[in-house]
Amino acid sequence: MADWEIRPAKAADVEPVAELRAVVLRPDLERLGRYDERRVRQRLRDGFAPAHTWVIEVVGAWCDRDGVPVPGT
């Protein structure tokens with residue numbers, strides 16, 4: 001079993017969270033004709049509240065909600 005933890009987000013997490021959001025939402029937003037590479041990240045940055053965000057890490061790498069490591073984190 002992998003070593004994992006859930007930790008409160010920090011202000012410095014905003015860019016990795018914005019990138020993760022853009023990657024996850026891209027297929028649906030493209031399907032709807034609404035994908036804008038800059039806007040999808042900026043909307044997250046504008047509303048990011050570390051106090052209301054948690055990060056899942058497995059052996060120091062971010063993971064999605066299913067425990068799959070997120071590349072580049």
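- Taking both residues in full, the closest heavy atoms of A9 and F48 are given as CB-CZ, 4.1 Å, listed atom of the first, atom of the second, then distance.
- Taking CZ of R26 as the start and CG of D36 as the end, the distance is 10.5 Å to the nearest 0.5 Å.
- Side-chain atoms of R45 and Q42 include a donor-acceptor pair closer than 3.5 Å.
- Between the side chain of R21 and the backbone N or O of V40, at least one donor-acceptor pair lies under 3.5 Å.
- Without hydrogens or angle criteria, R34 side chain to E30 main chain gives no donor-acceptor distance under 3.5 Å.
- Salt bridge status for R7 with D13: present, with a side-chain N to carboxylate O gap under 4.0 Å.
- The minimum heavy-atom distance between P27 and V24, with the atom names listed, is CD-O, 3.6 Å.
- Checked for salt-bridge contact, D46 and R43 miss the test: no charged N lies under 4.0 Å from a carboxylate O.
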Checking V55 against E57 for the side-chain contact (heavy atoms from CB on, under 4.5 Å) test, could you report, in this order, the C-alpha distance in whole Å, the side-chain angles of both residues, the deciding distance, and whether it holds? CA-CA 6 Å; V55 174; E57 293 183 340; 3.9 Å; yes

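- In terms of hydrophobic clustering, with Ile, Leu, Val, Met, Phe, Trp and Tyr side chains grouped at heavy-atom distances under 4.5 Å, Y35 and L32 are assigned to different clusters.
- The CZ atom of R41 sits 10.5 Å away from atom CG of L20, with the distance rounded to the nearest 0.5 Å.
- Considering every non-hydrogen atom in both V14 and L44, the closest pair reads O-CD1, 3.9 Å.
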